Amino acid sequence: MKDKLIQFMMGRYGTDTLNKHILYTVLVLIVLNLLLNNRMLYFLSYALIAVDLFRTFSKNVTARSAENAKYEEFMRPVFDQVKVMQKNFSDKDHKYFVCKNCHKMVRVPKGKGNIEVTCPRCGHHFDARS
Ligand SMILES: [Zn+2]
């Protein structure tokens with residue numbers, strides 16, 4: 001059985017960030033639908049599941065990878081902000097920022113007031129409050 005599944009998935013795309021986020025969205029829609037009992041949410045969740053299955057079993061790996069890359073580029077500000085929030089929550093001695101020029105995460109000591117931060121990767125300057 002396992003060998004058949006491996007053979008079936010050979011050459012197929014599998015899962016990626018976009019597929020995972022589609023499934024999270026489906027879960028949210030299912031919960032919302034339980035509360036609201038809305039037919040549109042029901043059909044939308046099934047449509048998203050169909051898109052997710054299509055992408056997972058697609059043999060056009062190049063196209064699926066390109067879609068995922070576009071999605072990740074589009075969502076990059078959100079992903080960066082989530083990473084910064086996680087870092088700021090776990091590290092009490094430093095404050096984290098994302099360089100708007102090159103998206104590198106920059107760490108500065110906390111409690112220094114208004115400071116000018118220089119990105120170590122690209123040299124971009126920006127004002128911040130630590
Ligand atoms: Zn930079």
Side-chain angles (χ1 to χ4, degrees):
M1 182 65 190
K2 186 180 173 188
D3 292 337
K4 282 186 176 182
L5 183 64
I6 290 171
Q7 197 172 3
F8 176 74
M9 286 305 291
M10 211 168 274
R12 296 183 191 270
Y13 185 62
T15 192
D16 61 7
T17 307
L18 178 55
N19 269 358
K20 284 181 201 163
H21 290 183
I22 287 172
L23 284 180
Y24 297 150
T25 306
V26 167
L27 286 175
V28 170
L29 288 177
I30 288 172
V31 171
L32 275 177
N33 197 26
L34 287 173
L35 300 171
L36 303 172
N37 200 17
N38 184 319
R39 191 171 284 236
M40 282 302 292
L41 291 178
Y42 178 80
F43 286 116
L44 184 61
S45 57
Y46 273 93
L48 287 175
I49 289 170
V51 168
D52 194 87
L53 290 174
F54 168 76
R55 293 191 78 253
T56 300
F57 298 124
S58 171
K59 288 188 172 181
N60 191 351
V61 174
T62 311
R64 301 296 83 82
S65 295
E67 290 166 2
N68 190 55
K70 276 186 188 173
Y71 173 73
E72 286 184 342
E73 187 60 32
F74 177 74
M75 293 297 288
R76 183 178 231 169
V78 177
F79 296 158
D80 285 347
Q81 205 54 46
V82 169
K83 273 191 228 164
V84 163
M85 286 170 63
Q86 288 171 337
K87 282 285 194 182
N88 281 333
F89 185 76
S90 63
D91 186 350
K92 299 295 175 201
D93 299 329
H94 300 93
K95 191 152 184 183
Y96 292 83
F97 300 96
V98 172
C99 174
K100 288 179 173 58
N101 194 37
C102 70
H103 302 283
K104 170 140 181 77
M105 192 177 294
V106 181
R107 184 181 79 170
V108 297
K110 221 173 196 175
K112 300 288 181 188
N114 292 327
I115 55 172
E116 184 183 53
V117 180
T118 304
C119 174
R121 182 190 284 165
C122 70
H124 177 70
H125 298 280
F126 58 95
D127 294 325
R129 184 172 175 79
S130 71

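Heavy atoms only: backbone and side chains are in, while hydrogens, waters and symmetry mates are out. In this chain, numbering begins with 1 at the start of the sequence shown. Quick caveat: nothing in here was measured; it's all calculated off a predicted structure.
Atom CZ of F74 and atom CG of L18 lie 11.5 Å apart (nearest 0.5 Å). A distance of 10.5 Å separates NZ of K59 from CE of M9, quoted to the nearest 0.5 Å. Rounding to the nearest 0.5 Å places CE of M40 at 10.5 Å from OG of S45. In this structure, CG on D3 lies 9.5 Å from CG on L5, to the nearest 0.5 angstrom. The distance from atom CE of M105 to atom NZ of K83, rounded to the nearest 0.5 Å, is 6.0 Å. Rounded to the nearest 0.5 angstrom, S65 OG and Y13 OH are separated by 4.0 Å.
Open room surrounds CD on Q7; 12 or fewer heavy atoms of other groups in view lie less than 6.0 Å from it. Taking a 6.0 Å sphere around OH of Y42, one finds it holds 12 or fewer heavy atoms contributed by other residues, nucleotides or ligands. Within 6.0 Å of the CZ atom in F57, the count of heavy atoms belonging to other residues, nucleotides or ligands exceeds 12. Around atom NZ of K112, no more than 12 heavy atoms belonging to other residues, nucleotides or ligands sit under 6.0 Å away.
Residues F79 and T17 are in side-chain contact: their nearest non-hydrogen atoms beyond the backbone lie under 4.5 Å apart. Residues K20 and T15 form a side-chain contact, since some pair of their non-hydrogen atoms from C-beta on lies under 4.5 Å apart. Residues D91 and R107 are in side-chain contact: their nearest non-hydrogen atoms beyond the backbone lie under 4.5 Å apart. When side chains are defined from C-beta on, V31 does not count as touching L29, because their heavy atoms never get closer than 4.5 Å. Side-chain contact between L36 and L41: present, with at least one pair of heavy atoms (C-beta onward) separated by less than 4.5 Å.
Put simply, I49 and V51 are part of the same group of oily side chains (I, L, V, M, F, W, Y) that touch within less than 4.5 Å, one to the next. Cluster annotation: L48 and I30 are assigned to the same hydrophobic cluster (Ile/Leu/Val/Met/Phe/Trp/Tyr, side-chain heavy-atom contacts under 4.5 Å, transitive). Hydrophobic clustering of Ile, Leu, Val, Met, Phe, Trp and Tyr side chains at less than 4.5 Å, counting indirect connections, keeps F54 apart from F8. No single ILVMFWY cluster, assembled from side-chain heavy atoms under 4.5 Å apart, contains both Y46 and V28. One hydrophobic cluster, built from ILVMFWY side chains closer than 4.5 Å, cannot hold both Y96 and V106; they sit in different ones.
Comment: K70 does not engage E67 in a salt bridge, judged by the lack of any side-chain N to carboxylate O separation of less than 4.0 angstrom.
Across V61 and R12, no two heavy atoms sit closer than the pair CG2-C, 4.4 Å. Considering every non-hydrogen atom in both F126 and C99, the closest pair reads CE2-CA, 4.2 Å. In terms of heavy atoms, S130 sits closest to V108 at CB-CG2, 3.8 Å. Heavy-atom minimum distance, P120 versus K104: CG-CE, 4.1 Å.
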Walk me through it: do N38 and L32 pass the test side chain to side chain contact (heavy atoms under 4.5 Å, CB included)? CA-CA 8 Å; N38 184 319; L32 275 177; over 6 Å; no
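With R55 contributing its side chain and R64 its backbone, the two residues share a donor-acceptor pair below 3.5 Å. Although no hydrogens or angles enter the test, the distance criterion places a donor-acceptor pair under 3.5 Å between the side chain of R121 and the main chain of C102. At distances below 3.5 Å, not a single donor-acceptor pair connects side-chain atoms of K95 with backbone N or O atoms of K92.
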